[in-house]
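For reference, the structure discussed in these notes is given below.
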Amino acid sequence: MKKPQIVVLGAGPGGLASAMVLAKAGLPVTVLERLHRVGGRCSRIERDGFVFDRGPTFLHYPCALRTLFRSVGRVLEEEVPMVRLDPIYRLFLSDRGHLDTSRSVPAMEAQIARFQPADRAGFRAYLQDNIRKFERVIRVLQRPFCRWTDLAGREILGLLPVLRPWASLEKDLRRFFSDPDLRIAFTFQSKYLGMSPYRCPSMFSVLAYLEYAYGVFHPIGGCNMVSEKLAQLAQEFGAQILLGQDVEQIVFRGRRPIAVRTEQAEYPCDVLVINADFARAMERLVPNVLRRRWSDANLQRKKYSCSTYMLYLGIEGTLDDLLHHNIYVPPHYHEYLKDVEDRHVLNEHPAFYVQYASKTDPTLAPPGHSTLYVLVPVSHQHPNIDWQQERLRYRELVLDHLARIGIPDLRSRIRTELIGTPADWESWQIYRGATFNLAHTLNQMLYFRPHNRFEELENVYLVGGGTHPGSGLPTIFESARISAKLILEDLGRDSQFLQPGPLDPPEIHWE
Ligand SMILES: Cc1cc2nc3c(=O)[nH]c(=O)nc-3n(C[C@H](O)[C@H](O)[C@H](O)COP(=O)(O)OP(=O)(O)OC[C@H]3O[C@@H](n4cnc5c(N)ncnc54)[C@H](O)[C@@H]3O)c2cc1C
């Protein structure tokens, strides 16, 4: 009997991970990618001898990726050499000094006490609370939400007292820390989802916990090496990856796709896996008449994550006082976040993140040189901000603000430079340039997020940040596992090898 042809639309980490496991399961898989490189937002930039990650730089909770590799008979650490970072990052809080976060509880307690002695004990209590919470949350995130009834199970209802859906993340953390700046230290991670902690659901307190319990890793060569490795393994297992293939049309028979078209060719498909940015792919490739829940009008009404302003700098010399990851939180953080999420205007004193990866990984820069990756969370595309006008002005502002974390004026040392704005992300086929997809509000999560087995069409599955469970790398890998498992089940094939792995014990240094 002829095997069903799988077409994966997009070679981001979600698309590549699903291609890898489906090819391993013996199915014919073709991945079509519009760019000339794999990895999407998690791809590699090479310029004048410098190497940058385009997007993700924090690889946390590697257990999700480890499970995927194990399912195809590979060992993560052998395939993707990586370094666990400790200190995890340096956090500059409201011009009150910095915190070097660490998995050593005593080291953290000593630093917390410097900010607020009364909050010293809060850290252990926070960790204990999240150990329990995470054990429950992970089971929910590991399964699909395709039916209403999936929300009504005992598992979900039992979660309510743990998840405290009535509280925002910032409010929830008041149980452990009285100092507002310390609360930011354990809540700013909601920005990984492109959201404000004052709005993000409290279940996401597990994000900071994951950093302490399971570490933050730097893959040698950058996070893009994960994409490159997934592509390599997918091909080794028989998948075909075709680059420079912009899918311009999905050909439907009724609600079922039968082929996809690029400028170069038409590719027949029995099963379509969409990894391209969800909202943009719907708007561009799926006729509005085929969509009710996710019609163009409904897509416009949804809430989207923030975007990012980027500087990728190759510089002469080194910056010895800087850590690998550095985060600056401004004094008026809440007001800054309102500018990003509500007012959609540019803030003149923004939060920012600086990655100095060549400190850990000399493969990224020529000898005697360094790489700096600067990310400023800003509003997604909005008529209030004209990036053609702001692009260079904001560069000057950001370069000046680097002094706040001890980086001297770099202008004369810059040897290569790339700027990225929300307008650039939008030109990458990302809806409103919202780099972290649909926001993770409770009404856009679980059953309310676009389903892994896409509810509006037949034989169409979603992977990546726009579907369940969400938009960080670990959840994207989970989406690939969940969707691939559903595909195999729906095709009546063995899917046992895609069972979620056992929960790894946390690796916290209590003493
Ligand atoms: C600046 C930034 C920093 C981030 N930092 C982190 C981090 O540190 N840690 C973390 O866990 N996550 C991070 N993320 C979030 C997330 O991990 C990445 O965005 C991730 O790459 C998203 O993966 P994805 O599988 O959803 O697909 P994407 O990476 O969006 O890939 C989708 C692919 O589909 C292709 N495509 C689109 N349309 C078509 C078409 N019509 N035809 C063919 N191909 C098409 C695109 O070109 C792209 O290659 C970050 C994201 C950004 C943008």
Side-chain angles (χ1 to χ4, degrees), residues 7-19 31-43 52-62 64-65 89 189 191-194 207 210-211 216-219 222-224 226-227 230-231 241-250 260-263 267 273-286 305-312 325 353 355 357 373-378 380 420 422 424-425 427-431 433-438 462-467 470-480 483:
V7 168
V8 180
L9 201 168
L16 293 168
S18 57
V31 182
L32 300 173
E33 167 55 53
R34 59 183 284 276
L35 301 172
H36 291 274
R37 209 179 237 302
V38 296
R41 291 170 234 197
C42 186
S43 58
F52 305 91
D53 278 320
R54 182 169 296 275
T57 54
F58 266 59
L59 183 65
H60 63 295
Y61 196 59
L65 189 56
Y89 45 79
Q189 293 78 358
K191 272 282 143 211
Y192 302 168
L193 305 173
L207 284 178
L210 290 180
E211 297 172 352
V216 170
F217 291 80
H218 172 75
C223 281
N224 64 84
V226 175
S227 303
L230 290 170
I241 300 180
L242 303 176
L243 302 176
Q245 298 278 329
D246 187 5
V247 174
E248 293 170 340
Q249 191 191 354
I250 302 175
V260 299
R261 282 194 192 129
T262 69
E263 204 187 334
Y267 299 89
V273 179
I274 300 181
N275 176 225
D277 183 80
F278 170 75
R280 180 68 187 123
M282 288 299 120
E283 186 189 52
R284 183 179 177 207
L285 300 172
V286 180
S305 78
C306 70
S307 188
T308 57
Y309 178 86
M310 313 289 304
L311 290 178
Y312 308 92
H325 294 304
Y353 157 70
Q355 187 215 29
Y373 161 122
V374 186
L375 180 159
V376 187
V378 293
H380 56 239
D424 296 315
W425 289 118
S427 74
W428 268 51
Q429 300 297 328
I430 296 171
Y431 193 82
T435 38
F436 308 96
N437 299 86
L438 281 164
L462 305 178
V463 293
T467 185
S471 87
L473 284 175
T475 42
I476 286 168
F477 297 133
E478 269 306 303
S479 79
S483 295

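Just so it is clear, the values below take in all heavy atoms, side chains as well, and ignore hydrogens, waters and symmetry mates. Every number for a ligand or one of its atoms is a count from 1 in the order of the listing.
Scanning all protein heavy atoms for the shortest distance to atom 12 (N) of ligand 1 gives L473 N, 3.6 Å. For atom 27 (O) of ligand 1, the nearest protein heavy atom (residue, atom name, distance) is N275 ND2, 3.6 Å. Of the protein's non-hydrogen atoms, the one nearest atom 38 (N) of ligand 1 is A276 CB, 3.4 Å. With respect to atom 9 (N) of ligand 1, the closest heavy atom belonging to the protein is F58 O, 3.0 Å. Nearest protein neighbour of atom 19 (O) of ligand 1, counting heavy atoms only, is R41 CD, 3.2 Å. The shortest contact between atom 22 (C) of ligand 1 and any protein heavy atom is with I476 CD1, 3.4 Å. For atom 2 (C) of ligand 1, the nearest non-hydrogen atom of the protein is G55 CA, 3.5 Å. From the protein, the heavy atom lying nearest to atom 14 (N) of ligand 1 is P56 CG, 3.6 Å.
Between A480 and A17 the shortest heavy-atom distance is CB-CB, 3.6 Å. Taking all atoms of both residues into account, the shortest heavy-atom contact from G40 to S43 is O-OG, 2.7 Å. Nearest heavy-atom pair across I274 and M282 is CD1-CE, 4.1 Å. The two residues W428 and R41 make their nearest non-hydrogen contact at CZ3-N, 4.4 Å.
In this structure, R261 CZ and E248 CD are separated by 10.5 Å, a value rounded to the nearest 0.5 Å. Taking CG of D53 as the reference point, atom CG of N224 lies at 4.5 Å (rounded to 0.5 Å).
Residue-ligand proximity: Y373 is placed with a non-hydrogen atom under 4.0 Å from ligand 1. Heavy-atom separations between Y192 and ligand 1 are all 4.0 Å or longer. Look at W425 and you'll find a heavy atom under 4.0 Å from some atom of ligand 1. Contact between L375 and ligand 1 is present, with at least one heavy atom of the residue lying under 4.0 Å from the ligand. Heavy atoms of E248 come nearer than 4.0 angstrom to ligand 1 in no pair at all. Heavy-atom separations between G39 and ligand 1 include at least one value shorter than 4.0 Å. Note on ligand 1: R280 sits outside its first shell, no heavy atom being nearer than 4.0 Å.
Between L243 and L35 the shortest side-chain heavy-atom distance does not fall below 4.5 Å. In this structure the side chain of E33 never reaches within 4.5 angstrom of the side chain of V38, judged on heavy atoms. Residues S305 and H380 form no side-chain contact, since every pair of their non-hydrogen atoms from C-beta on lies 4.5 Å or further apart. Here the side chains of F58 and Y89 are in contact, with some heavy-atom distance below 4.5 Å. Within the 4.5 Å cutoff, side-chain heavy atoms of I241 are placed close to those of L16. Between Q429 and D277, every side-chain heavy-atom pair lies at or beyond the 4.5 Å cut-off. The closest side-chain heavy-atom distance from P13 to V226 is not below 4.5 Å. In this structure, Y61 and L473 have side chains that are not in contact, with every pair of non-hydrogen atoms separated by 4.5 Å or more.
The residue among M310, E33, R37 with a heavy atom at the shortest distance from atom 35 (C) of ligand 1 is E33. Compare S479, G10, A434, S471 by their heavy atoms: the one nearest to atom 16 (C) of ligand 1 is in S471. If you check each of N224, V247, L32, V226 against atom 41 (N) of ligand 1, the one with the closest non-hydrogen atom is V247.
Polar contact check, Q429 against ligand 1: no nitrogen or oxygen pair lies under 3.5 Å apart. Checked by distance only, ligand 1 and L9 stay at 3.5 Å or farther apart across all their nitrogen or oxygen atoms. At under 3.5 Å, not a single nitrogen or oxygen of H60, backbone or side chain, sits near a nitrogen or oxygen of ligand 1. An N or O contact shorter than 3.5 Å is missing between G464 and ligand 1 by distance.
Between the side chain of S18 and the backbone N or O of G15, at least one donor-acceptor pair lies under 3.5 Å.
For ligand 1 and L35, the ligand atoms under 4.0 Å from any heavy atom of the residue are 47 (O). Interface atoms of ligand 1 facing T435, defined by a heavy-atom separation under 4.0 Å, are 53 (C). Counting atoms of ligand 1 from 1 in the listed order, those under 4.0 Å from a heavy atom of Q245 are 42 (N), 43 (C). The distance from ligand 1 to the heavy atoms of D246 drops below 4.0 Å at these ligand atoms: 40 (C), 41 (N), 42 (N). Here is the list of ligand 1 atoms found below 4.0 Å of a heavy atom in G465: 26 (O). Atoms of ligand 1 lying under 4.0 Å from at least one heavy atom of G40, given by number and element, are 29 (O), 31 (O), 48 (C), 49 (O). Of all atoms in ligand 1, numbered sequentially from 1 with element shown, those under 4.0 Å from a heavy atom of G14 are 25 (O). Residue R284 approaches ligand 1 through these ligand atoms, each under 4.0 Å from one of its heavy atoms: 41 (N).
Ring pair Y312/Y373 is perpendicular by interplanar angle, where above 60° counts as perpendicular and below 30° as parallel.
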- [ ] Evaluate the criterion side-chain contact (heavy atoms from CB on, under 4.5 Å) for residue pair Q355 and F52; output intermediate values, then yes/no.
- [x] CA-CA 10 Å; Q355 187 215 29; F52 305 91; over 6 Å; no
